[in-house]
A.B. asks: 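First the structure, which I've put down as structure tokens, then a few questions once you've had a look.
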Amino acid sequence: MTCHEFLRGVTAYIRKHYSKSRLQQFAEHPEDRLTCSAIIYSRLQRQIWMVGDCQCLLDGQLIDNPKPAEAVYAAKRAEYAQQLLATGAATIDSLLDHDAARDYILPDIIASMKQQNIQYPVIDGFPIPEQLVPVYTLDFQPHRLVFASDGYPFLCDTLAESERKLAEQREHDPLNIHTFQASKAFMRGQTSFDDRTYISFDV
């Protein structure tokens, strides 16, 4: 199938799980929708399709597709967390138990969700603006691809190296407010701060 056909098909698949009585609610409250991102390689089209916040390495070169305001909110959270720590209002341990800095930016995150499938694409059962979906067409030379979700702050050529970098981040900056800024921390008892999906292959 083409990218167009995939976007229409996956939208219809998610939408059929919504009851008709709740469609108006979902239209007004995107934060209540079933929502995900995806990165797809079409072998027939020799294309990479990026829907939402995902990332890939194409022959070692990073291609990132973050949400438009993600870095802004991450920086705002980092600044607030640093203020809490500097004033003694919180400790690293207390923020790992309850991320008050995450609470601080939560209204911004929810507000940004009002713009999903308007300013940025996601799979959520509502029409995906195809002009916002990056499509990369490969030539017929051999290529090495690594696809991942945004739970890997430092995407590497191997899963082992990506996991090692993630572990280093957790050890040295568990709140994600210095070397890497994110909209959430490594909460206590968790080995990551976000979902992790990784696949590498040759085409």
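Reckoned from all heavy atoms, side chains included, excluding hydrogens, waters and symmetry mates.
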A.B. asks: Going by heavy atoms in the side chains, are Ile110 and Pro107 under 4.5 Å from each other?
C.D. replies: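 No, too far: nothing below the 4.5 Å cut-off.
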A.B. asks: Assess Lys165 against Tyr152: is NZ or CZ under 6.0 Å from the centre of the six-membered ring, and within 45 degrees of the ring's axis?
C.D. replies: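 Negative - Lys165 is either too far from the ring of Tyr152 or too far off its axis.
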A.B. asks: Using side-chain heavy atoms (C-beta onward) and a distance below 4.5 Å, is Ile40 in contact with Gln47?
C.D. replies: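 They are not in side-chain contact.
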A.B. asks: If you take all heavy atoms of Ala101 and Leu95, which pair is closest and at what distance?
C.D. replies: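 Looking at all heavy atoms of both residues, the shortest contact is N-CD2, 4.4 Å.
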A.B. asks: As an exercise, state the distance from CZ of Phe186 to CG of Leu175, rounded to the nearest 0.5 Å.
C.D. replies: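 Rounded to the nearest 0.5 Å, the CZ-CG separation comes to 10.0 Å.
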A.B. asks: Phe147 and side-chain contact (heavy atoms from CB on, under 4.5 Å): which partner among Ser200, Cys54, Cys56?
C.D. replies: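 Among Ser200, Cys54, Cys56, the one meeting side-chain contact (heavy atoms from CB on, under 4.5 Å) with Phe147 is Cys56.
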A.B. asks: Side-chain donor-acceptor pair under 3.5 Å between Asn176 and Gln181, yes or no?
C.D. replies: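 On atom types as modelled, these side chains do not qualify, holding no pair under 3.5 Å.
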A.B. asks: Does the Glu5 side chain pair with the main chain of Thr2, one donor and one acceptor, at a distance under 3.5 Å?
C.D. replies: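 A pair under 3.5 Å: yes.
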A.B. asks: Assigning hydrophobic clusters by single linkage (Ile, Leu, Val, Met, Phe, Trp, Tyr; side-chain heavy-atom cutoff under 4.5 Å), is Leu138 placed with Ile39?
C.D. replies: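 They do share one cluster, since a chain of ILVMFWY contacts under 4.5 Å joins Leu138 to Ile39.
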A.B. asks: Any ion pair linking Arg188 and Asp93 (charged N to carboxylate O, less than 4.0 Å)?
C.D. replies: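 Yes, this pair counts.
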A.B. asks: When rounded to the nearest 0.5 angstrom, what distance separates CG in Leu84 from CG in Asp99?
C.D. replies: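 Leu84 CG to Asp99 CG: 9.5 Å, rounded to 0.5 Å.
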A.B. asks: Transitively linked via ILVMFWY side-chain contacts under 4.5 Å: Phe6 with Leu34?
C.D. replies: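 Per the 4.5 Å side-chain linkage, Phe6 and Leu34 are co-clustered.
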A.B. asks: Picking from Asp59, Asp202, Asp157, what satisfies salt bridge (charged side-chain N to carboxylate O under 4.0 Å, His left out) with Arg144?
C.D. replies: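 In the set Asp59, Asp202, Asp157, the residue that makes a salt bridge (charged side-chain N to carboxylate O under 4.0 Å, His left out) with Arg144 is Asp202.
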A.B. asks: Are Met1 and Val135 linked, directly or through intermediate hydrophobic residues, by side-chain heavy-atom contacts shorter than 4.5 Å (ILVMFWY only)?
C.D. replies: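 In one cluster with Val135: Met1, yes.
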A.B. asks: What closest approach, in Å, do Leu166 and Pro153 show between heavy atoms, and which atom pair accounts for it?
C.D. replies: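 Result for this residue pair: CD1-CD, 3.5 Å.
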A.B. asks: Please give me the minimum heavy-atom distance between Ala27 and Pro30, naming the atom from each residue.
C.D. replies: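 For Ala27 and Pro30, the tightest heavy-atom pair comes out as O-CD, 4.3 Å.
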A.B. asks: Quick one: do Met113 and His29 satisfy side chain to side chain contact (heavy atoms under 4.5 Å, CB included)? Show the steps, please.
C.D. replies: CA-CA 8 Å; Met113 296 177 74; His29 296 279; over 6 Å; no
A.B. asks: For this output row, return yes or no: ring centroids of Phe180 and Phe193 closer than 6.0 angstrom.
C.D. replies: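 Between Phe193 and Phe180, which both carry aromatic rings, the centre distance is below 6.0 Å.
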A.B. asks: Would the distance check show the side chain of Asn65 and the main-chain N or O of Gln55 forming a donor-acceptor pair, the cut-off being under 3.5 Å?
C.D. replies: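 Here the side-chain-to-backbone pair does not exist.
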A.B. asks: Less than 4.5 Å apart, side chain to side chain, heavy atoms only: is that true for Thr158 and Glu163?
C.D. replies: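 Side chain of Thr158 against side chain of Glu163, heavy atoms only: no contact under 4.5 Å found.
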A.B. asks: Over all heavy atoms of both residues, which pair between Lys114 and Glu28 is shortest? Give the atoms and the distance, please.
C.D. replies: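 In this case the closest contact between Lys114 and Glu28 is NZ-O, 3.0 Å.
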A.B. asks: So does Arg8 have more than 12 non-hydrogen atoms from other groups sitting under 6.0 Å from CZ?
C.D. replies: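 No, the 6.0 Å shell around CZ holds no more than 12 heavy atoms from other groups.
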A.B. asks: How about Met50 and Val133: do any of their side-chain heavy atoms sit closer than 4.5 Å?
C.D. replies: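 Not in contact.
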A.B. asks: May I have the step-by-step check of side chain to side chain contact (heavy atoms under 4.5 Å, CB included) for Leu85 and Ile92, ending in yes or no?
C.D. replies: CA-CA 7 Å; Leu85 295 172; Ile92 292 177; 4.1 Å; yes
A.B. asks: Consider only side-chain heavy atoms of I, L, V, M, F, W and Y, link residues closer than 4.5 Å, and tell whether Val51 and Tyr13 are in one cluster.
C.D. replies: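 Shared cluster, yes.
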A.B. asks: Under 3.5 Å, side chain of Arg77 to main-chain N/O of Ala182, donor-acceptor pair present?
C.D. replies: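 Yes.
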A.B. asks: Flag the pair Phe26 / Tyr18 as yes when their ring centroid distance falls below 6.0 Å, and as no otherwise.
C.D. replies: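 Close enough - the centres of the two rings lie under 6.0 Å apart.
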A.B. asks: Which heavy atom in Leu62 sits nearest to a heavy atom in Leu155, and how many Å separate them?
C.D. replies: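 The pair with the smallest heavy-atom distance is CD1-CD2, 4.2 Å.
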A.B. asks: Just how far is it from atom CZ of Phe154 to atom OG of Ser162, taken to the nearest 0.5 Å?
C.D. replies: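 The distance works out to 11.0 Å.
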A.B. asks: Name the orientation class of the two ring planes belonging to Tyr41 and Phe201 (parallel below 30°, tilted from 30 to 60°, perpendicular beyond 60°).
C.D. replies: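 Ring orientation, 0 to 90° scale: tilted.
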A.B. asks: Please tell me if the side chains of Ile123 and Cys36 come closer than 4.5 Å, counting only heavy atoms from C-beta onward.
C.D. replies: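 Sidechains of Cys36 and Ile123: in contact.
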A.B. asks: Using modelled atom types and a 3.5 Å cut-off, is there a donor and acceptor pairing between side-chain atoms of Arg33 and backbone atoms of Gly125?
C.D. replies: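 Looks like no, no N/O pair under 3.5 Å.
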A.B. asks: For a 4.5 angstrom cut-off between non-hydrogen side-chain atoms, does Thr179 reach Glu168?
C.D. replies: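 Side chain of Thr179 against side chain of Glu168, heavy atoms only: no contact under 4.5 Å found.
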A.B. asks: Side chain to side chain contact (heavy atoms under 4.5 Å, CB included) for Asp150 and Asp194? Distances and angles first, verdict last.
C.D. replies: CA-CA 7 Å; Asp150 59 352; Asp194 209 340; 3.4 Å; yes
A.B. asks: In Å, rounded to the nearest 0.5 Å, how long is the span from CZ of Arg170 to CD of Gln190?
C.D. replies: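 The CZ atom of Arg170 sits 9.0 Å away from the CD atom of Gln190.
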A.B. asks: Would you say Val203 ends up clustered with Val146 if hydrophobic residues are merged whenever their side chains have heavy atoms under 4.5 Å apart, either directly or through other cluster members?
C.D. replies: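 No, separate clusters.
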A.B. asks: State whether the side chain of Ser183 and the backbone N or O of Ala74 hold a donor-acceptor pair below 3.5 Å, judged by distance alone.
C.D. replies: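 Such a contact is absent between Ser183 side chain and Ala74 backbone.
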A.B. asks: Decide side chain to side chain contact (heavy atoms under 4.5 Å, CB included) for Ile128 and Val122; before the verdict, give the C-alpha distance in whole Å, the side-chain angles of both, and the deciding distance to 0.1 Å.
C.D. replies: CA-CA 7 Å; Ile128 300 169; Val122 294; over 6 Å; no
A.B. asks: Would you say that more than 12 heavy atoms from the other residues, nucleotides or ligands in this model lie under 6.0 Å from the CD of Gln61, or not?
C.D. replies: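 No - once you tally the heavy atoms of other residues, nucleotides and ligands closer than 6.0 Å, there are 12 at most.
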A.B. asks: Taking the side chain as everything from C-beta on, heavy atoms only, tell me whether Ile109 gets closer than 4.5 Å to Glu31.
C.D. replies: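 No. Closest side-chain heavy atoms not under 4.5 Å.
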A.B. asks: Working to the nearest 0.5 Å, report the span between CZ of Arg196 and OG of Ser149.
C.D. replies: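 One finds 8.5 Å between CZ of Arg196 and OG of Ser149.
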A.B. asks: For the atom pair CH2 (Trp49) and CD (Glu130), what is the distance rounded to the nearest 0.5 Å?
C.D. replies: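 Rounded to the nearest 0.5 Å, the CH2-CD separation comes out at 10.5 Å.
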A.B. asks: May I ask you to decide if Ile177's main-chain N or O and Gln82's side chain share a donor-acceptor pair within less than 3.5 Å?
C.D. replies: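 A pair under 3.5 Å: yes.
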A.B. asks: Looking only at heavy atoms, what is the nearest atom pair of Ala100 and Tyr80, with distance?
C.D. replies: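 Residues Ala100 and Tyr80, closest heavy atoms: O-CE2, 4.0 Å.
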A.B. asks: Below 4.5 Å, heavy atoms only, C-beta onward: do Tyr136 and Ile63 meet side chain to side chain?
C.D. replies: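 Yes - at least one pair of side-chain heavy atoms lies under 4.5 Å apart.
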A.B. asks: Between Arg164 and Glu161, does at least one N-O distance fall below 4.0 Å, as a salt bridge requires?
C.D. replies: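 The answer is yes: the pair qualifies as a salt bridge.
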